[in-house]
Amino acid sequence: MWDWSFTIAILPELLKALKITLSATVVAYFLACVLGLLIAMVKRTTWKLVVYAVSGVVEFIRSTPILAQLYFVFYVFPKFGLTLTPFVAGVLTIGVHYSTYLSEVYRAGIDAVPVGQWEAASVLNFSRARIWLTIIIPQAIPPIVPVLGNYLIALLKETPLLSAITLVEVLETAKIIGDNSFRYLEPITLVGLIFLVLSYLLSLLVQQIHAKLS
Amino acid sequence: MEKQNDAVKGRPIVRYHKIAKVFGDQQVLTDIDLDIFPGEKVALIGPSGSGKTTLGRLLVTLERPTSGTIEVNGELLWHKSVNGQLLPADEKHLRRVRGQIGLVFQQFNLFPHMSILQNVMEAPVHVLGMSKGEAKEQATAMLNKVGLGHKLESYPRQLSGGQQQRVAIARALVMRPKVMVFDEVTSALDPEMVGEVLAVLKEIAAEGNMTMLLITHEMAFAREVADRVIFMDGKIVEQGSPNDIFVNPQNPRTNAFLSRFRQA
Amino acid sequence: MQPPFDILPALLRGVWVTLELTFAAACLAFVISFVVGFGRMSKHLPLKILAAAYTEFFRGTSLLVQLFWVYFVLPLLHVNLTALQSGILILGLHFGAYGSEVVRSAMMAIAVGQTEAGIVLNMKRSQIRWRIILPQAFMIMIPTFGNNLIELLKATALVSLITLKDLMFQGTMIQNTTMRTTETFGLVLMIYFCLAYPLTLGVRWIERRITVGRA
C-alpha cells in the first residue's frame, strides 16, 4: 500500500513548499500580533465612534469564515483596483482574522495589570504613549504568552486554506503531486505528519519561552 | 459541668493501631494508637499542622495511612485479612466499612447545584436506596433539627456560613453513622455564626449515643462537651479528662499550647 | 427578485446544507467530547494514552488536511463516503478533540471538596462523577461549547473544497457562472454573519446568566 521510494522522492518537493507555509505563518502572525494589540488599545480609548466602528468590524470578521474572507479579498478587491498576489491576500486575511482573536487575549492581559499601575504612571506625569510602552505592555504581555503561542499554532494550521486562492503551499503541492501521480496516500499523509510535528515543536517552543519569562 | 469516662466501656468502635502518615518528605503522624469507644465524645486539640485533621480524614478514607491499621467496629478499614495476611482493601470493602462514619468539613462542601433538601436527600436515595418519599421525610426532620426547616428550597449560596454548616451536619447525620468526625467545623465561620453551629453540636452530644470525634480550636466547647481530650502534635502528646488537660496538664507542650488560649 | 438578490435562492439551498452539516457534526462532536474527555481522566492507562493520542492527532493536524485525507485517500482504501458523510465525520472528530479538552478541564475545575463530600457520603465513584461533578462542570462547559459551535459553523465552509454543496460552494459556483464576484461573495459573507452572530449573542447572554447565578 505505502510506497517508501515514492515517499522519499516527493519529500524534497513538500519540504520546499513548506517554506511558503512557514513564511505565510510568520508574516500573518506578526500582522495579527501588531494589529491585535492596536485593536485592544483603540478599544480602551474614549473616542466612542471609533470604538464602535472597530468593535463592529471585529465582530463581523470573527463571525465569518476565513475561507469566505479569502475569496472576498482575492477576487473582489481587484474589482476596486487592488490586485493582490495569493501570498499577500492570504497573509493579510489570516493576519487580520487572527488579530481579532488576539485583541481579546491582549485585553485580558491589559485588564490584569493592576489599576494602581495606571495611577502611579499618571502621577509621575508620563505621557499616554509612554505609559503604554514602558508600564502597561511590559506587564500585560508575559502572562499571556502561552495563549499567544497557542494562536500561533492554530494559525499555522489555517494556512492550507490558502491553497483555495491558488497559493502553492504544502497542501496544494501534495494535491498537485497526487493529481499527477494518482497517488494521494503518501503526499497527503505526509502533509498531515508535517503539521503534527510542527505543532509539537511549536508547543515545545512556547513552553520554553513561557518558562523563561516566569 | 464535667463528664466522667463512665460511658466508656466495651469494645472500641474505632481503633487506630500504629498509624503513620507521610506526605512527601513530611511525617505528619507518627505511631498513633487510639481507641474510641461507642458513645464517647473525643476532642482532638493541637496546633495547626499537628495532624489532627489527617487523623480524621484517615477514618473516612480521604487519606490512606502510610503504615498501621484502622479498625471500625472490629473490622479492618484499609485492609482485608486473607489467610492471616493483610491485603489492601478494594473499593467495595472500603465503602461498606466507611458507611459507618460521617464527616463534616471545615469548608461545608455542600453541593451548590442542589437545593438544601436535595443536598440532604442525595445520599439516602442514591447510597442507601431509600425511597424518595422516605428520604424527604427524614431529610426534612433532620433539617428541622438543625433549625433550617424553613429553608428547604433554598440553595447553598443563599445561606449564611453558619446555616450552610448546619445543612452539612444534617446531610451527614441523615446517613445514621455510628461515628461522626467534625473537622474544625467552626474555623471557616464568621465569629457571630460560631455559636449556632456549636449549639447544634452540643444538642447532638447531649443525645448521648453518637460517637463523636471533635477536631477543634474551640477550647471552651471541647471542655464542655468532650469525655476525653487529646492534645496532639504529630503524635499523641497527652490525653485525659477535660479537667486533667485544661486545668492540670502534665506535659509542658500542652501547657504552652493552652496558655495561648488562656490569655485570649 | 432584483439583483443582487436574484442569487439568494441558490445561496439559501447552500445554507440548508451548511446548517445540516453544522448540526450533525456538532452532535457527533458533543458525544466524542465526553467519551474522549472521560477517557483522558480514566484510571486505565491504555485508555488514557489512546484518548490523549486522539486529541493530539486531531488538534495537531490541520482540519483541511484531514478533510483532504478522507476525500482523496479513503477511496483508495476502498472506503467510500459521500462528501456530506466525510464532512460530518471529520468536523465531528476534529471538534470532538477540542471538546474533550473542554470537558476535561471543566471537570477538573470543580473543587476537590465536592469529590470528598461525595466520598464521605459513601457515594460510588460513578455517582460522584455523574451526579456531583458533571452537573457543575457542565455549567462551565456551556460557554466554551458555544464558542466552539461558532468555530464549527465557520469551519464548515472548508467542505466546499471537497465539493460538498454548502453555502460557500454555492457562492463559488455562482461566481464562476455569473462573474458577479462582488455581490456573490459579499452576500455569502453577510449570510455567514447572520448565521453566526446570533450564536455569539446567545453565548454572551448565557455567560452573563451563569456569572450572575454564581455571584
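If you're wondering where the values come from, they're calculated on a predicted model, not measured in any experiment. Lettering follows sequence order; numbering is per chain, from 1.
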CZ of Phe74(A) to CZ of Phe185(C), rounded to nearest 0.5 Å, is 11.0 Å
Okay, Thr156(C) and chain A: the region with an atom under 4.5 Å from a heavy atom over there is neither
Honestly, the part of Thr184(C) sitting under 4.5 Å from a heavy atom of chain A is neither
Closest non-hydrogen contact found for Lys154(C) with Arg62(A) is NZ-O, 2.8 Å
Contact list (residues 68-95 of chain C to chain A, heavy-atom gap under 4.5 Å, by number) returns Phe68(C), Trp69(C), Phe72(C), Val73(C), Leu76(C), Leu77(C)
Turns out that what part of Glu151(C) lies under 4.5 Å from chain A's heavy atoms comes down to side chain
*Taking atom CE of Met41(C) as the centre, does the number of heavy atoms from other residues, nucleotides or ligands within less than 6.0 Å exceed 12?*
yes
### Lys157(A) and Leu63(C), any side-chain heavy atoms less than 4.5 Å apart
no
Bottom line for Thr181(C): the part with an atom under 4.5 Å from chain A's heavy atoms is both
In terms of heavy-atom pairs under 4.5 Å with chain C, the winner among Phe195(A), Phe80(A), Tyr184(A), Phe77(A) is Tyr184(A)
Whatever's closer than 4.5 Å to a heavy atom in chain C on Gln69(A) counts as both
Value for CE (Met179(C)) from OH (Tyr75(A)), rounded to nearest 0.5 Å, stands at 9.5 Å
| query | Crowded around Trp2(A) CH2? As in, over 12 foreign heavy atoms under 6.0 Å? | reply | yes
Is the closest side-chain heavy-atom distance between Met168(C) and Tyr71(A) below 4.5 Å?
yes
Value for CG (Leu67(A)) from CG (Leu158(C)), rounded to nearest 0.5 Å, stands at 6.0 Å
Output for pair (Lys175(A) NZ, Leu64(C) CG), nearest 0.5 Å, gives 10.0 Å
**OP:** Please tell me if the side chains of Leu171(A) and Ser62(C) come closer than 4.5 Å, counting only heavy atoms from C-beta onward.
**Re:** no
Q.
Is it true that, when you exclude Glu101(C) itself, more than 12 heavy atoms of the residues, nucleotides or ligands shown sit nearer than 6.0 Å to its CD?
A. yes
Does any non-hydrogen side-chain atom of Val188(C) lie less than 4.5 Å from one of Phe72(A)?
no
Heavy atoms of Ala196(C) and Ser63(A) approach each other most closely as CB-O, 3.2 Å
- [ ] Would you check if the side chain of Thr61(C) reaches a backbone N or O of Gly192(A) as a donor-acceptor pair within less than 3.5 Å?
- [x] no
So CD of Glu56(C) and OG of Ser203(A): to nearest 0.5 Å the spacing works out to 7.5 Å
Honestly, the part of Thr189(A) sitting under 4.5 Å from a heavy atom of chain C is both
The reported gap from CD1 in Ile61(A) to CG in Leu189(C) (rounded to nearest 0.5 angstrom) is 10.0 Å
Nearest heavy-atom approach of Ala164(A) to Leu161(C) is CB-CD2, 3.9 Å
